[in-house]
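Step one of this worksheet: look at the structure below.
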Amino acid sequence: MCDWRVDPAAGENRVTVVIPCRNESGSLPGVLAAMPDGYRALVVDNGSADGTADVARECGAEVVYEPEPGYGSAVHAGVLAARTPIVCVLDGDGSLDPGELPELVRLVRAGADLAVGRRRPAPHAGWPVHARLGNTLIARRLRRRYGLDVHDIGAVRVCRRERLLALGVTDRRSGYPLEVLVRAAQAGLRVEERDVTYRPRTAGSSKVSGSVAGSVRAVRDFWKVLT
Ligand SMILES: Nc1nc2c(ncn2[C@@H]2O[C@H](COP(=O)(O)OP(=O)(O)O)[C@@H](O)[C@H]2O)c(=O)[nH]1
Ligand SMILES: [Mg+2]
C-alpha cells in the first residue's frame, strides 16, 4: 500500500508536513507516497472512524491525536508537535501535491516569513462555485484591507514554526488559515504566494466546502476573523 519511508539521511534540512485528517484513509497513502525526500509527514487525526491513524503509521508517518474537533485545532496540534524549524501544512485528501511544497519552502529559506499556495484548479477539479466565489471575495478583502498580495486563503502554507506560533492564532475551526494571514499582515510579516495545482480529492468526502453545513460553518468562521 505504501512506498514512502522517512529518509534518515536528510538531517537538519528536514521539513515537517502537518496533515490534518478526519477520515482520510483512502487518500492518505497517495499523499504520503508523494512526500519529497527529507519531508516528514505528521498526520493529525481527530475523531476518524476509518482507520486513518493506522494507515498513516503504516505509511511511515508520525501520528498525533487531537481530541478537540476542527481543522484549526488539528493544525495547531501538529505545529506544536513538529520539531523542525520549517513547517508545511497540507490537506490529506489528495487535492494538493506535496511535490509542490519545495518551491514554497525555498521562498521561506530565501527570507519570506510565510509562503502560501494559490490553488489553481486542474480540469474537473470539482471546486464548488460557492467556495471559489467565497475565496475570491475574501482574498480581495485581504488585499484591500490588509495589504496582502494574495488571491486565495492560504489552504497550503509554509512557515518558520516559531514565527507561526508567535502569531497567537486562536481560531480552531475553518477560520484558522484566514486568521494566519490576517495576523501575519498585522505583524508585518513578508507573505509570498505561488500557484499550486488543485485537483479533486482522491477518496472520501469533503468536511468543509463540499456540503452546505460545512460551507455555512466556514463562512461563519471566516466572518468572525474578518470583522
Ligand atoms: N483533524 C481534522 N482534520 C480535518 C477536520 N476538518 C477537515 N479536516 C481535514 O482538513 C483537510 C481539508 O478538508 P476538506 O474536507 O478536504 O475540505 P474542502 O477541501 O473544503 O472540501 C482534509 O485533510 C480534512 O481531512 C477536522 O475537524 N479535524
Ligand atoms: Mg479538500
Side-chain angles (χ1 to χ4, degrees), residues 16-35 41-57 59 61-82 87-98 100-101 116-122 124-136 138-139 152-157 169 171-180 196-222:
T16 303
V17 184
V18 171
I19 310 180
C21 285
R22 203 172 73 212
N23 296 331
E24 300 293 5
S25 63
S27 313
L28 254 185
V31 176
L32 296 176
M35 230 22 92
L42 201 163
V43 167
V44 188
D45 178 24
N46 57 0
S48 291
D50 69 342
T52 288
D54 293 337
V55 168
R57 263 189 299 266
C59 295
E62 188 178 340
V63 176
V64 167
Y65 291 99
E66 169 51 50
E68 187 188 334
Y71 171 89
S73 163
V75 171
H76 183 64
V79 174
L80 281 179
V87 176
C88 312
V89 180
L90 184 89
D91 290 350
D93 64 354
S95 62
L96 298 155
D97 180 4
E100 293 185 311
L101 289 173
V116 290
R118 175 184 187 176
R119 289 170 294 175
R120 296 295 208 166
H124 314 295
W127 197 357
V129 170
H130 63 268
R132 288 180 73 168
L133 182 67
N135 273 13
T136 303
I138 289 166
D152 199 353
I153 56 156
V156 191
R157 66 203 87 87
V169 175
D171 193 294
R172 293 292 176 258
R173 304 197 312 182
S174 17
Y176 177 95
L178 191 57
E179 192 183 342
V180 169
V196 295
T197 313
Y198 193 49
R199 299 168 301 196
R201 59 163 45 246
T202 46
S205 56
S206 164
K207 285 96 212 167
V208 187
S209 63
S211 72
V212 173
S215 298
V216 168
R217 216 169 26 236
V219 167
R220 223 187 288 137
D221 292 345
F222 288 166

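Both ligands and their constituent atoms are indexed starting at 1 by order of listing.
T16 places no side-chain N or O within donor-acceptor distance of the main-chain N or O of A82, the cut-off being under 3.5 Å. With hydrogens and angles ignored, the 3.5 Å screen pairs a side-chain donor or acceptor of N23 with a backbone N or O of A49. Without hydrogens or angle criteria, N135 side chain to D152 main chain gives no donor-acceptor distance under 3.5 Å. Looking only at distances, a side-chain donor or acceptor of E179 sits under 3.5 Å from a matching main-chain atom of D171.
Screening residues 199-218 for salt bridge (Lys or Arg N to Asp or Glu O under 4.0 Å), with sequence neighbours left out, gives E24-R201, E24-K207, D93-R201.
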Would you please test Y71 and D91 for side chain to side chain contact (heavy atoms under 4.5 Å, CB included) and show each step?
CA-CA 10 Å; Y71 171 89; D91 290 350; 3.9 Å; yes
Decide yes or no on side chain to side chain contact (heavy atoms under 4.5 Å, CB included) for T197 and D97, but give the supporting numbers first.
CA-CA 7 Å; T197 313; D97 180 4; 5.8 Å; no
List the atom pairs, donor and acceptor, that lie under 3.5 Å between side-chain atoms in residues 125-134 and the rest of the protein, sequence neighbours left out.
residue	atom	partner	partner atom	Å
H130	NE2	S209	O	2.9
H130	NE2	S215	OG	2.9

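With 3.5 Å as the limit, one finds a donor-acceptor pair spanning the side chains of D50 and S25.
The count of protein N, O or S atoms under 2.8 Å from the Mg ion (ligand 2) stands at 1, with waters excluded from the count.
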Contact table, ligand 1 N/O with protein N/O, distance under 3.5 Å:
residue	atom	partner	partner atom	Å
ligand 1	1 (N)	C21	N	3.4
ligand 1	1 (N)	C21	O	3.1
ligand 1	1 (N)	V44	O	3.3
ligand 1	1 (N)	N46	OD1	2.6
ligand 1	3 (N)	C21	N	3.3
ligand 1	15 (O)	R201	NH2	3.1
ligand 1	15 (O)	K207	N	2.5
ligand 1	16 (O)	D93	OD2	2.8
ligand 1	16 (O)	R201	NH2	2.9
ligand 1	20 (O)	S209	N	3.0
ligand 1	20 (O)	S209	OG	2.7
ligand 1	21 (O)	S206	OG	2.5
ligand 1	21 (O)	S209	OG	3.4
ligand 1	23 (O)	P20	O	2.8
ligand 1	23 (O)	G92	N	2.8
ligand 1	25 (O)	R22	N	3.0
ligand 1	25 (O)	E24	OE2	2.6
ligand 1	27 (O)	R22	NH1	2.9
ligand 1	27 (O)	G70	N	3.0
ligand 1	28 (N)	N46	OD1	2.3

